[in-house]
Student: 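I'd like to ask you about the structure that follows.
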Amino acid sequence: TALSSVASYGSMGTFYLNQYYRSVARECELSDRLALSTDIDYTTCVGAYSLITELEAWCPRDCEDCEDGNCDNPCADNQPERTAATCGTDECGDYLASVTDEDLSTAVEVGYPSCVNSTALSSVAIYGSMGAF
């Protein structure tokens, strides 16, 4: 049928759609109009993973530090991945100010380890084994 391919979105849960809507809202500079909950549960795998996806979205890189050169936008020698030109924005600052020590600890101690049970995100469970500072 014509819509059978959209059934796969149901298996991804609300996380995928939530992230997709957040991404579109950011790109359109309409994040302040988004009615989705901004509460993130860092005790869950997807909540912990959002620490990575949200950082990348709000504080974008100028280039990628990839050792093998196999990336879309490799950094030149000694070029930092991020500079104020791309991430020195109010949006990046607001996001950084919103993440607390407790959020990071919860994600590392509870959220990331729970990713071991996720088909799509099992590779990020390693962040849980790195421990909290």
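Remember, predicted model here, so these are calculated numbers, not experimental data.
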Student: Take atom CG in Asp101; do more than 12 heavy atoms of anything else shown fall under 6.0 Å from it?
Tutor: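 Count not over threshold, so no.
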Student: Side-chain contact, heavy-atom cut-off 4.5 Å: Leu104 with Tyr42?
Tutor: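 No, every pair of side-chain atoms sits at 4.5 Å or beyond.
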Student: Evaluate the pair Cys63, Cys75 and indicate whether the two SG atoms are within a distance below 2.5 Å.
Tutor: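 Yes, the SG atoms sit under 2.5 Å apart.
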Student: Could you report the tightest heavy-atom contact between Ala107 and Leu51, atom names first, then the distance?
Tutor: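 Minimum heavy-atom separation between Ala107 and Leu51: CB-CD1, 3.4 Å.
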Student: Could you tell me the separation between the CD1 atom of Ile126 and the OH atom of Tyr112, rounded to the nearest 0.5 Å?
Tutor: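 Going from the CD1 atom of Ile126 to the OH atom of Tyr112 covers 12.5 Å.
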Student: Any salt bridge linking Glu56 with Arg82? Criterion: basic side-chain nitrogen under 4.0 Å from a carboxylate oxygen.
Tutor: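 Judged by the 4.0 Å cut-off on N to carboxylate O distance, Glu56 and Arg82 do form a salt bridge.
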Student: Work out which heavy atom in Ala125 is nearest to a heavy atom in Val116; give both atom names and the distance.
Tutor: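 Nearest heavy atoms, Ala125 then Val116: CB-N, 3.7 Å.
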Student: Report yes or no: do Asp103 and Thr106 form a side-chain donor-acceptor pair below 3.5 Å?
Tutor: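 No pair is found: no donor N or O on one side chain lies under 3.5 Å from an acceptor on the other.
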Student: Taking the side chain as everything from C-beta on, heavy atoms only, tell me whether Leu34 gets closer than 4.5 Å to Arg22.
Tutor: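 In short, these two side chains touch, coming nearer than 4.5 Å.
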Student: Ignoring hydrogens and angles, tell me if any N or O in the side chain of Ser50 forms a donor-acceptor pair with the backbone of Gly47 under 3.5 Å.
Tutor: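 Confirmed, Ser50 side chain pairs with Gly47 backbone.
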Student: Counting only heavy atoms not in Asn78, do more than 12 sit closer than 6.0 Å to its CG atom?
Tutor: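 No, not enclosed.
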Student: For a disulfide bond (SG atoms under 2.5 Å apart) check, start with the C-alpha distance between Cys59 and Cys87, then their side-chain angles and the critical distance, and finish with the verdict.
Tutor: CA-CA 5 Å; Cys59 306; Cys87 65; 5.8 Å; no
Student: For Arg61 and Thr86: C-alpha separation, side-chain torsions, deciding distance, then whether side chain to side chain contact (heavy atoms under 4.5 Å, CB included) applies.
Tutor: CA-CA 7 Å; Arg61 302 171 195 237; Thr86 57; over 6 Å; no
Student: Is any side-chain heavy atom of Asp62 closer than 4.5 Å to one of Glu81?
Tutor: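 Of all side-chain heavy-atom pairs linking Asp62 with Glu81, none is under 4.5 Å.
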Student: When you measure from the side chain of Ser98 to the backbone N and O of Tyr95, does any donor-acceptor pair fall under 3.5 Å?
Tutor: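 Checked: pair present.
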Student: For the pair Glu91 and Glu29, evaluate side chain to side chain contact (heavy atoms under 4.5 Å, CB included) and give the outcome as yes or no after the intermediate values.
Tutor: CA-CA 10 Å; Glu91 291 83 5; Glu29 297 183 7; over 6 Å; no
Student: Is the side chain of Thr89 donor-acceptor paired with the backbone N or O of Cys92 at a distance under 3.5 Å, no angle test?
Tutor: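 Pair found, side chain donor or acceptor close to backbone of Cys92.
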Student: Any idea which heavy atoms bring Pro74 and Cys66 closest together, and the distance?
Tutor: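 Between these two residues, the closest heavy atoms are CB-SG, 3.9 Å.
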Student: How close do Leu96 and Leu55 get, heavy atom to heavy atom, and via which atoms?
Tutor: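 It is CD2-CD1, 3.8 Å.
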Student: Please answer whether the main-chain N or O of Thr44 pairs with a side-chain N or O of Ser114 as donor and acceptor at a distance below 3.5 Å.
Tutor: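 Between the backbone of Thr44 and the side chain of Ser114 there is no qualifying donor-acceptor contact (under 3.5 Å).
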Student: Looking at side-chain heavy atoms only, is the closest gap between Pro113 and Glu109 below 4.5 Å?
Tutor: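 Contact flag for Pro113/Glu109 side chains = no.
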